[in-house]
2 protein chains.
Amino acid sequence: MRLSTRGEYASRAMLELSLNWPRRPLHIRDISQAQHIPERFLEQILLLLKRAGYLRSKKGPHGGYHLARPPAEITVAEVIRVMDGPLAPIDCVSVTAHEVCPLEATCGLRWLWKDVRDAVARILERTTFADLARRARRLPAAGGIRKKKR
Amino acid sequence: MRLSTRGEYASRAMLELSLNWPRRPLHIRDISQAQHIPERFLEQILLLLKRAGYLRSKKGPHGGYHLARPPAEITVAEVIRVMDGPLAPIDCVSVTAHEVCPLEATCGLRWLWKDVRDAVARILERTTFADLARRARRLPAAGGIRKKKR
DNA sequence: TAATAGTCGATAATTTCAATTGACTAACTA
DNA sequence: TAGTTAGTCAATTGAAATTATCGACTATTA
């Protein structure tokens, strides 16, 4: 029942970008350092998020990534789905992947996995990156969310 | 956010054993055939469940596996934990794994993953195999058994 | 045009997962 | 007690997914 590292990195990166919103773009490197994500791996992740329409990018000096929409309009569920696919614990219960389950007896379990899927989806679909940013800012904030040195 | 095949097989096998409870033991082969689970793989799974105290076994003719406790006293959460470990989507939020997260900014996400973990745990901890068996029996049973005539 | 910074495809490294194997032990039954 | 049934166990293989890295490329800016 685990979230992939990709999914975790993606949500952390999106949060970092949301904390920065709507200021100038962030470099891959800045996000990487702030969130301790391997730079080249993060590069891939951001590219996927861009292709999926959640980020925009700019090349060259003063380039970088920024959100394509305000944080309040992006849910965690969307981001996780882009990175990891359906939220459902098994396919026969997925809204986005639906697969017909050939076993009768499995059906004794189907409603349960559906309950789980729904519970997870409910939480992740109602939580936006604005919610996350709001709560992140309120924290005692040790060390440095804001980091300006170069 | 996926359930492993192991976890799925284990819960199917436990359901099969619960449907049979408290009659005589089931052979690995019977469970394997009823639930379409590779026999030698199922063997491993049942052994783990036995070692964890959920099953008892008997060798020789008329041997097989049976539940160590009544289905009403075994939750799905327990079985999934035996097979796949903690229910939590990430470790820093797990009740059974516990890991200190070194990042401040991540904490902006921590509460969310905790909510997800709790939601999943709540469902899987309140659902017993007796619940599953009850609902499985009630199904129309498309392939094999016809509904009883009256 | 030099430096910056994202783009892209390929692939390497690692880990996890699913499954298989063979040799073994216990229990029953004829 | 011999023979068969059935679970036990450790080791390992194979495959797939995941995580991560690389190098060459393109766009942008000063």
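A quick note: this is a predicted structure, and the numbers were derived from the prediction, not measured. In the text below, chain A, chain B and the rest are named by the order of the sequence lines, each starting its count at 1.
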Between protein and nucleic acid, restricted to nucleotides 27-30 of chain C and to nitrogen or oxygen atoms under 3.5 Å apart, what atom pairs and distances do you find?
| residue | atom | partner | partner atom | Å |
| --- | --- | --- | --- | --- |
| dC28(C) | OP1 | K58(B) | NZ | 3.1 |

Report summary line: note: R12(B), atom CZ; dA18(C), atom C1'; distance rounded to Å ~ 14 Å

Query - Below 4.0 Å: OP1/OP2 of dT7(C) and any side-chain N or O of S57(A) - result: yes

Query raised in the report: With a non-hydrogen cut-off below 4.0 angstrom, is R29(B) in contact with a base, only sugar-phosphate, or nothing?
Result: nothing

**Report entry** Listed partners of A130(B) passing side chain to side chain contact (heavy atoms under 4.5 Å, CB included), at least two apart
**Finding:** P71(B), A72(B), T128(B), R134(B)

Query raised in the report: OP1 or OP2 of dA20(D) sitting under 4.0 Å from any side-chain N/O of Y9(A)?
Result: yes

Report summary line: Note: for H27(B) and L3(A) on DNA chain D, the residue whose nearest nucleotide lies more 5' is H27(B)

Query raised in the report: Which residues in residues 77-88 of chain A have at least one heavy atom lying under 4.0 Å from any atom of DNA chain D?
Result: none

Report task. Would you indicate, yes or no, if dC17(C) has its OP1 or OP2 atom less than 4.0 angstrom from a side-chain nitrogen or oxygen of T5(B)? Result -> no

**Report entry** Any residue meeting side chain to side chain contact (heavy atoms under 4.5 Å, CB included) with D84(B), in chain and number order, not counting sequence neighbours
**Finding:** L3(B), S4(B), R6(B), I80(B)

Query - Rounded distance (Å) that lies between atom C1' of dG7(D) and atom CG of L47(B) - result: 8 Å

Report task. Determine the contact category for R51(B): base if any of its heavy atoms lies under 4.0 Å from a base atom, sugar-phosphate if only primed atoms, P, OP1 or OP2 are that close, otherwise nothing. Result -> sugar-phosphate

Query raised in the report: Sequence neighbours excluded, which residues qualify as salt bridge (charged side-chain N to carboxylate O under 4.0 Å, His left out) partners of E73(B)?
Result: none

Query raised in the report: Hey, is R12(B) close enough to E16(B) for a salt bridge, meaning N to O under 4.0 Å?
Result: no

Query raised in the report: Please give, in whole Å, the distance from dT5(D) C1' to I28(B) CD1?
Result: 12 Å

Report summary line: Across all chains, not counting sequence neighbours, the side chain to side chain contact (heavy atoms under 4.5 Å, CB included) partners of P61(A) are none

Query raised in the report: For the pair made of CD in E8(A) and P in dT18(D), what is the distance, rounded to whole Å?
Result: 15 Å

Requested in this report: Could I get the full list of side chain to side chain donor-acceptor pair (under 3.5 Å) partners for K58(B), not counting sequence neighbours?
Outcome: none

Query raised in the report: Salt-bridged, R135(A) to D131(A), with N to O below 4.0 Å?
Result: no

Requested in this report: Grab the CG-P distance between L48(B) and dA18(C) for me, whole Å please.
Outcome: 13 Å

Query raised in the report: Just how far, in rounded Å, is P of dT18(D) from CE of M1(B)?
Result: 14 Å

Query raised in the report: Please, which pairs that meet salt bridge (charged side-chain N to carboxylate O under 4.0 Å, His left out) have at least one residue in residues 43-52 of chain A, sequence neighbours excluded?
Result: R40(A)-E43(A)

Query raised in the report: For Y9(A), which residues count as a side chain to side chain donor-acceptor pair (under 3.5 Å) partner, sequence neighbours excluded?
Result: none

Query raised in the report: Within the structure shown, what part of the strands sits under 4.0 Å from L46(A) by heavy-atom distance: base, sugar-phosphate, or nothing?
Result: nothing

Query raised in the report: Tell me, which of residues 37-45 of chain B have any heavy atom that sits under 4.0 Å from an atom in DNA chain D?
Result: R40(B), E43(B), Q44(B)

Requested in this report: Take the protein atom NE2 of H66(B) and the nucleotide atom P of dG7(D), then report the distance between them rounded to whole Å.
Outcome: 11 Å

Query - Which residues share a side chain to side chain donor-acceptor pair (under 3.5 Å) with R56(A), sequence neighbours left out - result: none

Query raised in the report: Between L26(B) (CG) and dA6(D) (C1'), how many Å, whole number?
Result: 13 Å

Report summary line: Across all chains, not counting sequence neighbours, the side chain to side chain contact (heavy atoms under 4.5 Å, CB included) partners of A77(A) are T75(A), R81(A), L87(A), L124(A), E125(A)

Query raised in the report: Do R2(B) and E8(B) sit within salt-bridge range, that is, some charged N less than 4.0 Å from a carboxylate O?
Result: no

